[in-house]
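Every heavy atom of this structure was used, including side-chain atoms; hydrogens, water molecules and symmetry mates were not. Residue numbering restarts at 1 for every chain, and letters A, B, ... go by the order of the sequence lines.
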Amino acid sequence: MSDVEESHLVQERRQKIERLRMRGVEPYPWSFPDRVATSVVVDRCAALTPGATASGPDLRVAGRIRTLRQHGRSAFVDLDDQSGALQLFLRVDELGEPSYSDWLADLDPGDLVGAEGSPMVTRRGEPSLLVRQLTMLAKAIAPPPEKFHGLKDAEVRLRQRYLDLLASPETRARFRARSLVVREIRHFFDEHEFLEVETPVLGTVAGGAAADPFVTRSGYLDEEVQLRISLELPLKRLLVGGFERVYELGRIFRNEDLDATHAPEFTMVEAYWAYTDYTDMRHLMEAMYGRLARRVAELLPGVPAAAEAPGLFEPPFAVVDFVEALESASGMRGIADRSREELRDLARAAGATVPDASPAGKFLDKLFEHYVEPTLVRPTFVVDHPLATSPLAKRHRSKPGRIERFELYCRGVELANAYSELNDPDDQERRFAEQLAARGTEHYAMDRDFVEALRYGMPPASGVGFGVDRAFMALTGTSSIKDVILFPPVRSRP
RNA sequence: GGGCCCAUAGCUCAGCCCGGUAGAGCAGGCGGCUCUUAACCGCAAGAUCAGGGGUUCGAAUCCCCUUGGGCCCGCCA
């Protein structure tokens, strides 16, 4: 592939810049005040009959040229802006000579231009702006992707996301919807009187989950530091400190492979709610996902999965017991009483490759993943997991050997993980020690200060965590996490 | 980490199986056209066929390696 800088297309455009300057036109001016969105002009046109031109003051619009259709002494330009698109109608009898010919000689697809004129509807019925004055706002030197087929190259779409965005209204709509769903999540927690907080990304112990951290070094601390892999432990310290409803929405980092549902940095929400238990949190999540589903349906009516989301996420969601669901799906009995070795052999028989040393909870997760997860298409709360599956949840008040936990699944994806949070400091210390004994690699350490904090008393509380990227994927039926992250990680160019 | 697949003009794609001087559409250039909307008509141009090596009289095409990407599996509670 030849260097863009060298191509004849670029040289043509550089010559056009020289011509613009020679006729006194600045190719990169500073602003374009008093413009309206193209949608405003389109709305104004709705009152006009075909062939009619609006009276009243001229309107100004700005945007990027998608296509040009020249007809000798008139021309049509399709102009895109964030609100949509508008056809510009250029005519020699409006622009005059030599202005008309000069402009047509120097305009290209991809250029950012401003236009001033009257709203009008063409005889063929197309809402348009009859242009009296054109302004170059930024001359594009590099040609844009092809106007009809758009940008297909998956690599370019990831490496040069701006090209994907400028060529694809669908991509723009998807990322806009993501941003507005994030805003909706904040509204939801804010309305429920949760306080949004920010906790450190860099710390000396990355805890709250089992994942490989990114490791770096702090010159100030003169110590190894790790990027957070979860938000859990600092947020619970805030419950100790007296905040009763807190949440954080932020980036977390796990030094692991990128695939369709995992990215090494992703956005997570965790919320902690004092004096409530996991059943209260279950109802909160039901309400939240119901609301987010209605929002994506508004934002992406043309995306089938999004349009169907409100029906799918209509509360109440199904509730199934972890052990009962696993036993009924697999035909096995007495799952909770099996030894670690038995569970390991069962997991392997189900096709999982797991190391000998894994804790029993790992094998149970694998069995669940294999037998039950694929069947959970409608939103379903899986509740009351075996004790071994998490070190941070409180023991179940009535089911021996279980914890008070739920996971929400939908369309085969995990959409939330919540507990009645463990607040017994001695039990917490024991459970951390058991996890460490089963793991024991160099970058893992017990967060002793967290155990110390619990000794001062953390109120009974429920807590939840969910990945924003995956939530948005499930709500919109998007199959790859790269399609919901604006700038996914890419290797440096060879 | 394992398997399969892909890389040809700025963009979207043919050509590859079965080796014989690299093609189209869009975009760009020149000419024509005052209601088109994937505008249209004519002319001329545009390529280190991802990179490197090999086989061959001859390689975009067959073989090997490298790089980047995609899908699946494994890993990632």
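Listed candidates were B:U34, B:C75, B:G28. Nearest to the side chain of A:Ser74 is B:U34. The side chain of A:Val92 lies closest to B:U34 when the candidates are B:U34, B:G70, B:G69. Nearest nucleotide to the side chain of A:Arg73, out of B:U34, B:G69, B:C11: B:U34. Nearest nucleotide to the side chain of A:Asp257, out of B:U12, B:C75, B:G46: B:C75. Checking B:C75, B:A27, B:G68 against every side-chain atom of A:Leu9, the shortest atom distance belongs to B:A27. Closest to the side chain of A:Lys16, from the set B:G10, B:U12, B:G29, is B:G29. In this structure, the nucleotide among B:G10, B:U12, B:U34 sitting nearest to the side chain of A:Lys152 is B:U12. Each of B:G68, B:U12, B:C35 was ranked by its minimum atom distance to the side chain of A:Phe89; first place goes to B:C35.
Straight-line distance from the OH atom of A:Tyr100 to the C1' atom of B:C33: 10 Å, rounded to whole Å. The nearest whole Å value for the distance from the CD atom in A:Glu12 to the C1' atom in B:C30 is 10 Å. The nearest whole Å value for the distance from the CD atom in A:Gln70 to the P atom in B:C35 is 14 Å. Rounded to an integer number of Å, the gap from A:Ile481 CD1 to B:G70 P is 14 Å. Rounded to whole Å, atom C1' of B:C35 lies 9 Å from atom CZ of A:Arg91. Going from atom CZ of A:Arg159 over to atom C1' of B:C11 covers 18 Å, rounded to whole Å. Atom CG of A:Leu163 is separated from atom C1' of B:A27 by 14 Å (rounded to the nearest Å). If you measure from atom CD of A:Glu146 to atom P of B:A9, you get 14 Å, rounded to the nearest angstrom.
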Might you work through the salt bridge (Lys or Arg N to Asp or Glu O under 4.0 Å) test for A:Asp447 and A:Arg237, ending with a clear yes or no?
-> CA-CA 12 Å; A:Asp447 190 337; A:Arg237 284 174 169 89; 2.9 Å; yes
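One C1' atom belongs to B:C63, the other to B:U21, and the distance between them is 24 Å to the nearest Å. Comparing the same atom, P, in B:A60 and in B:G70 gives a spacing of 28 Å after rounding to whole Å. Comparing the same atom, P, in B:U12 and in B:A7 gives a spacing of 13 Å after rounding to whole Å. Distance noted for atom C1' between B:A22 and B:U48: 13 Å (whole Å). Comparing B:G3 with B:G74, their P atoms sit 15 Å apart, to the nearest whole Å. Spacing between B:C57 and B:A38 at atom C1', rounded to whole Å, works out to 47 Å. The P atoms of B:A44 and B:G52 are separated by 33 Å, rounded to the nearest whole Å. Between the P atoms of B:G1 and B:U61, the separation comes to 29 Å (whole Å).
Remark: the A:Tyr162 side chain and the A:Gln160 side chain contain an N/O donor-acceptor pair separated by less than 3.5 Å. Between the side chains of A:Arg174 and A:Thr478, not a single donor N or O lies within less than 3.5 Å of an accepting N or O. Side-chain contact check for A:Tyr419 and A:Ser462: no donor-acceptor pair (N or O, by modelled atom type) lies under 3.5 Å.
Taking 4.0 angstrom as the limit, A:Arg491 places a side-chain polar atom (N or O) nearer than this to OP1 or OP2 of B:G69. Distances shown here put every side-chain N or O of A:Lys482 at or beyond 4.0 Å from the OP1 or OP2 atom of B:G69.
Residue contacts for A:Leu158: at a heavy-atom cut-off of 4.0 Å it reaches the sugar-phosphate backbone alone, with no base atom in range. The residue A:Gly51 sits apart from the nucleic acid: no heavy atom pair falls under 4.0 Å. A:Arg69 comes within contact range of at least one nucleobase, with a heavy-atom separation under 4.0 Å. The residue A:Asn255 sits apart from the nucleic acid: no heavy atom pair falls under 4.0 Å. Note on A:Pro264: nothing from the nucleic acid sits closer than 4.0 angstrom, heavy atoms only.
Within 6.0 Å of atom CZ in A:Arg348, more than 12 heavy atoms from other residues, nucleotides or ligands are found, so the atom counts as buried in its surroundings.
Residue pairs satisfying the salt bridge (Lys or Arg N to Asp or Glu O under 4.0 Å) criterion with at least one member in residues 364-377 of chain A, sequence neighbours excluded, are listed as follows: A:Lys366-A:Glu369. For residues 84-100 of chain A, the set of pairs meeting the salt bridge (Lys or Arg N to Asp or Glu O under 4.0 Å) definition, not counting sequence neighbours, comprises A:Arg91-A:Asp93, A:Glu94-A:Arg132.
Only A:Asp108, A:Pro109, listed by number, bring a heavy atom of residues 101-112 of chain A to less than 4.0 angstrom from any atom of RNA chain B.
Base pairing of B:C43 is made with B:G29, judged by Watson-Crick or G-U wobble geometry with both donor-acceptor distances under 3.5 Å. In a base pair of the Watson-Crick type (N1 to N3 plus N6-O4 or O6-N4) or a G-U wobble (N1-O2 and O6-N3), with each distance short of 3.5 Å, B:U61 is matched with no nucleotide. With a 3.5 Å ceiling on both atom-pair distances, B:U55 lacks any Watson-Crick or G-U wobble partner. Remark: B:G23 base-pairs with B:C13; criterion is Watson-Crick or G-U wobble with both hydrogen-bond distances under 3.5 Å.
Looking at A:Asp259, its side chain comes within 3.5 Å of the base of B:C75 through a donor and an acceptor atom.
For A:Thr122, the side chain to side chain contact (heavy atoms under 4.5 Å, CB included) partners two or more places apart in sequence, or in a different chain, are A:Phe76, A:Gln87, A:Met120, A:Arg124, A:Glu126, A:Ser128. A:Gln15 pairs by the side chain to side chain contact (heavy atoms under 4.5 Å, CB included) definition with A:Glu12, not counting sequence neighbours.
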Distance-only donor-acceptor pairs under 3.5 Å for side chains of residues 43-56 of chain A, two or more places apart:
none

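Sequence order on RNA chain B of the closest nucleotides to A:Thr389 and A:His149 puts A:His149 first from the 5' end. Residue whose closest nucleotide on RNA chain B sits further toward the 5' end, between A:Ala260 and A:Ser128: A:Ser128.
Aromatic ring centroids of A:Phe381 and A:Phe322 lie 6.0 Å or more apart.
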